[in-house]
Structure formats: structure tokens, C-alpha cells
Amino acid sequence: MSSVRVRFAPSPTGPLHIGGARSALFNWLFARHYGGTFIVRVEDTDLERSSRQSEENILDALRWLGLDWDEGVDVGGPYGPYRQMERLELYKKYADYLLNSGAAYLCYCSEEELAADREALMAKGELPLYLGRCRNLTAEERAKLEAAGRRPVVRFRVPENDVVLVRDLVRGDVSFEGSEIGDYIIVKSDGIPTYNFAVVVDDHTMKISHVIRAEEHLSNTPRQILLYNALGWETPVFAHVSLILGKDRSKMSKRHGATSIEQYQNRGYLPEALANFLALLGWSPGSEEEIFSPDELKQQFTLERVAKSPAVFDLDKLNWLNGHYIRETDLERLTEMALPHLEKAGYISTPLSTEKYELVKMMVAAVRKYLSYMQETAEHVKIFFTDDVQIKEEEAREIMAGDQVKVVLQELIKKINVTVTDEIKTDEARALLKEVGRDLGLKGKQIFMPVRVALTGSTQGPDLNQVMAILGRAGVVRRLSKWI
RNA sequence: GGCCCCAUGGUCAAGUGGUCUAAGACACCGCCCUUUCACGGCGGUAACCCGGGUUCGAAUCCCGGUGGGGUCACCA
């Protein structure tokens with residue numbers, strides 16, 4: 001595999017989808033594993049739905065995921081341009097070639113006629129293939145149709161009785177009957193190529209060595225192979241990766257919840273965790289490990305270990321994996337990631353003073369072990385932003401009804417006021433609590449629980465010492481005083 | 001419906017004819033750790049879709065069925 005050249009070719013018609021992201025990731029990992037070239041090409045021939053806006057979004061999402069490309073729409077390269085709408089003359093050239101060689105022909109059927117044909121065939125229970133009305137038009141007939149204002153499409157003449165074999169790296173050999181294909185359009189009446197044609201011209205002219213894409217394209221592949229043959233080109237190696245399914249085992253779609261990369265980014269997932277998770281959907285290293293840094297993935301990824309069967313997207317597992325990364329990663333980075341969510345929740349407003357920032361950092365440190373993704377930070381740090389402590393649990397209420405409660409809180413307040421400055425360090429908090437217990441002859445739950453509930457309103461939550469450190473002397477005293 | 005793909009626990013998956021009384025992970029349950037919850041540690045429940053072959057021997061190979069998925073556009 002001397003010159004591996006692979007591409008990710010999204011059509012800019014919406015945000016980057018989970019499935020697209022995985023295809024991109026597999027291509028990228030494959031390229032990096034073999035020291036090849038990764039290309040990003042934009043397939044924007046669907047004028048109706050394409051936009052520069054989504055192109056930018058997709059590129060941003062890819063970058064966020066940690067992918068980089070050697071050639072592509074924004075970085076250029078020797079085989080550009082990398083946007084299909086900027087390659088129109090190229091397609092024209094090859095379409096003319098096919099027309100001249102007789103491998104393709106002009107078709108003047110209107111969309112209405114075609115729709116009617118299709119319907120009639122379906123009604124008879126037959127395959128809705130093109131009837132071939134324009135297959136052998138004479139020059140006069142063409143002129144007549146032109147004169148009538150008909151704009152032709154270019155149709156590829158599918159060889160009859162041909163069997164097309166797709167040699168697929170993950171599926172093995174798959175064969176299709178040519179008779180089931182039917183002449184298909186390669187250039188629309190507005191002169192813009194269709195997917196099946198443009199993709200072939202591009203993959204060939206960009207010297208793509210391996211086409212790694214989702215299984216939904218498998219049935220398009222014979223059409224493309226026929227085109228390679230007609231053009232006298234060698235086919236790339238194909239590898240069709242199975243689909244990612246939703247919980248109900250149908251293709252991932254909106255109703256399955258968050259399906260765009262953007263949404264995961266916005267919820268505060270770590271890109272390397274998402275990449276790790278996506279890599280494990282349909283690929284496995286064969287070992288028992290499953291936490292892989294991008295570098296490790298590049299090193300271990302091969303197409304041979306890509307599974308054939310579709311995989312259900314399991315949010316629970318993603319959450320677990322992301323939580324794992326959250327616990328491992330740098331606190332500074334996590335704090336930065338938490339900021340927008342805290343601001344959105346109305347707890348802070350950004351530019352933060354150094355002091356405030358440090359405080360937020362302490363909060364993040366205290367709650368990170370509870371998080372699956374950073375957006376959840378807000379609900380967990382809520383307790384630090386309001387002195388109006390609400391008790392919701394019955395158990396907490398019972399605790400506060402204890403006989404010793406008032407004394408304990410009073411004692412704590414007393415000690416805090418005489419022993420510390422405005423700041424409370426966590427070990428100071430620990431010592432303080434211990435002292436209270438010792439002086440009062442109480443232990444364990446009897447002192448910690450009332451303090452916890454008085455401070456946070458709940459019997460559960462972050463480490464009490466950290467809570468006190470975050471609240472500071474003033475905050476602690478304020479909250480405890482309400483119970484005196 | 002035609003064509004195509006797929007089929008190991010609820011989910012991701014290891015497994016390529018014997019070492020499978022089938023690994024690991026998520027989820028779930030239990031125990032431990034712990035001034036709470038969580039994290040972490042330990043343990044547990046749980047699977048080779050069905051039926052025929054081939055073979056001394058099949059989760060692994062073949063055929064059929066069933067189930068799931070994809071695709072059948074002047075979308076990509």
C-alpha cells in the first residue's frame with residue numbers, strides 16, 4: 001500500500017452527522033495509519049440544499065473532532081479544486097467523452113414522463129427502470145425535441161447482461177446484475193453532474209486509492225464501477241462500513257436524539273472521547289483495551305478489523321467513556337469547557353476575575369466525578385450559587401430535626417469565626433469538623449450530615465470539605481446561621 | 001416488492017473447526033472503600049436466531065428459513 005489516498009466527501013446540506021463523522025474518522029485513521037493522504041472534498045452539486053454555511057459547519061466539526069486533512073476545500077492541494085461545483089468543466093469533458101464513445105446518450109424525457117413510467121412499472125410489479133425511450137434517438141428526433149424546448153440529461157447506457165462484481169474490503173465480493181440497474185442519469189438537464197458520475201470523476205482524478213464509506217452506498221457502487229470501465233479507468237479499492245443504528249435498530253435519524261457532532265460539542269463532550277467512542281462502533285482492536293488516544297487509534301486502526309454488522313449507538317456507553325475522559329483530563333481545560341454552560345445557566349458572566357475563575361475551578365474539581373458531559377456541571381454547582389438552600393428530601397429534613405443539630409452548627413460557626421480568615425482550605429475544613437465532633441463528643445453522621453444539609457440542602461453531594469472551601473467563611477456562616 | 005448487506009448477552013464486541021462448561025466493556029444487581037452521593041475495586045445475572053447438512057468434532061464452513069437493515073430520484 002504505497003500511496004494511500006482517501007477522502008471524506010460530505011455534501012454540505014446540514015450539520016455533520018454521527019455516521020458521517022465516523023466515516024471521516026475511519027478514512028482519517030486509515031490514512032494516518034499508513035502514512036497516506038487524507039482529503040476533504042465537498043460534494044455540493046445539490047444546489048437546492050447545499051450551503052456554504054453547512055460546509056463551514058462540517059469543516060468546523062471535523063476540526064473539533066481532531067481531524068486534519070492534507071488536501072481539501074480550504075487548504076487546497078495538487079488535485080483541486082475540491083468543491084464539485086468548481087469542477088464542472090471536468091465533468092463536462094468526461095461526459096462528452098462518454099457521449100462520443102456511445103457509452104452515454106442524451107435523454108429528453110421529462111420528469112413527468114419518467115414519473116409516470118415509474119408508476120406504471122411499479123403497478124405492474126416490475127422494476128422501475130428507465131424504459132430506454134431515448135436510447136436510440138436519431139439526429140432529427142433530437143433536433144425536434146430540442147426545438148420543442150426540451151433540455152436533455154445525459155444518461156449512461158448500462159451494458160446488458162453484465163454482472164458487476166464489487167470487491168469490497170469489508171464485505172468481500174458482492175455481485176450485481178446489470179439488468180437490474182437500468183440506464184441512469186449522469187448529468188442533469190442543468191448541466192450539473194449527478195453523484196454517481198461526479199464521484200467517479202473526482203475519485204479518479206484525485207487518485208483516490210481506497211473509497212471508505214457507509215454501506216448505504218454499496219448498491220451505488222456497481223453503477224460507479226460501470227463508469228470506471230467505460231472511462232477506461234482502474235477502480236479504487238472499496239470498503240463499505242456498516243451503518244450506525246438508533247436504539248430501535250433503524251438508521252440513525254433525528255428522532256433518535258442528538259445525531260449531529262455539533263450537538264455533542266455543545267453539550268460538552270470531549271472530542272477525543274467522541275472519537276474514541278465512534279472508532280469503537282464497527283471497529284475493534286482485538287484486545288481488551290478500549291480507551292484509545294487519537295495517536296493510539298491511528299497506530300492500531302486497520303480495515304481488516306472493521307465489523308460487517310451494523311452497530312447501535314449506545315448513549316450510555318458514550319456517557320461512561322466521556323465521563324472517564326472528564327475524570328482524566330486537565331482541570332484547567334475542564335473549567336474552560338464548563339464556563340459557557342455556567343454562563344448560560346446564569347451563574348456567572350464571562351470575563352471572569354481571576355478570583356472568580358479560581359472559585360469556578362474549585363467547583364469543577366469538586367463535581368467532575370459526577371459528570372458525563374460538561375453541560376451537567378450547571379446542575380451540580382447550583383448549590384454554590386444560592387444561599388437560599390432548599391431541602392427536598394425527606395431524609396434531609398429528618399436529619400435537621402435531630403437534637404444535636406443546633407449545637408453542632410453553633411459550635412462550627414464559633415470555631416470558624418475565631419480560627420480562620422475568610423478563606424477556608426479543605427484540610428482546615430476537615431480539621432474544623434473533627435474538632436467540633438471531638439469537643440461535642442459526637443461523631444460521624446451526627447455532625448457531617450447536619451452541616452452538609454444546612455450547606456447544600458441535600459444528604460448527598462460533593463466532598464464536604466471542598467464545599468466549605470468553595471463557600472468560604474462568609475458563605476458557610478451565612479448558611480449555617482439560618483438554623484440557629 | 002426486487003436487489004444487496006447483516007445475524008454471539010439489553011448494547012458495543014472478542015472469537016476465523018477442537019484450548020468455548022464463549023473474553024472484555026457499557027447498562028443492571030450485590031459487596032467493599034468512603035464523614036454522603038459519586039469515583040474506584042471486587043463479584044454476579046445475561047448470548048452463539050431457527051432448521052438442515054459437511055465433519056470424528058461447528059459460534060466458527062455450506063444450504064434453506066426467519067429476523068433486522070440498506071437501496072431502488074434530474075439527492076448525495
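All chains are named by letter (A, B, ...) in the order of the sequence lines, taking the proteins before the strands, and each is independently numbered beginning at 1.
With sequence neighbours left out, A:T459 forms a side chain to side chain donor-acceptor pair (under 3.5 Å) with A:E393. In terms of the salt bridge (Lys or Arg N to Asp or Glu O under 4.0 Å) criterion, A:R430 has no residue partners (sequence neighbours excluded). Applying the salt bridge (Lys or Arg N to Asp or Glu O under 4.0 Å) criterion to A:R368, with sequence neighbours excluded, gives no partner residue. Checked against salt bridge (Lys or Arg N to Asp or Glu O under 4.0 Å), A:D162 has no partners two or more places apart in sequence or in another chain. Evaluation of the salt bridge (Lys or Arg N to Asp or Glu O under 4.0 Å) rule for A:R167 yields A:D173 as partners, not counting sequence neighbours.
Ring geometry for A:Y228 versus A:F238: interplanar angle over 60°, hence perpendicular rather than tilted (30 to 60°).
Taking atom P in both B:G40 and B:C26, one finds a spacing of 8 Å when rounded to whole Å.
Residue A:K308 places at least one side-chain N or O closer than 4.0 Å to OP1 or OP2 of B:C6.
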Can you pull every protein N or O that's under 3.5 Å from an N or O on nucleotides 42-50 of chain B?
none

Can you tabulate the close N/O pairs, meaning under 3.5 Å, that link protein atoms to atoms of nucleotides 19-23 of chain B?
unit_1: B:A23; atom_1: O2'; unit_2: A:E288; atom_2: OE2; d: 3.0

Pairs under 3.5 angstrom, nitrogen or oxygen only, protein versus nucleotides 59-63 of chain B, please.
none

Base-contact (B) and sugar-phosphate-only (S) positions in nucleotides 69-76 of chain B, heavy-atom cut-off under 4.0 Å, - elsewhere | SSS-SBBB
Nucleotide by nucleotide, 5' to 3', does protein get under 4.0 Å of the base (B), only the sugar-phosphate (S), or neither (-) in nucleotides 31-41 of chain B, counting heavy atoms?
-> ----BBBBSS-
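The stretch residues 170-179 of chain A touches RNA chain B through A:R171, A:V174, A:S175, A:F176, each having a heavy atom under 4.0 angstrom from the strand. Against RNA chain B, the stretch residues 399-412 of chain A makes no heavy-atom approach under 4.0 Å.
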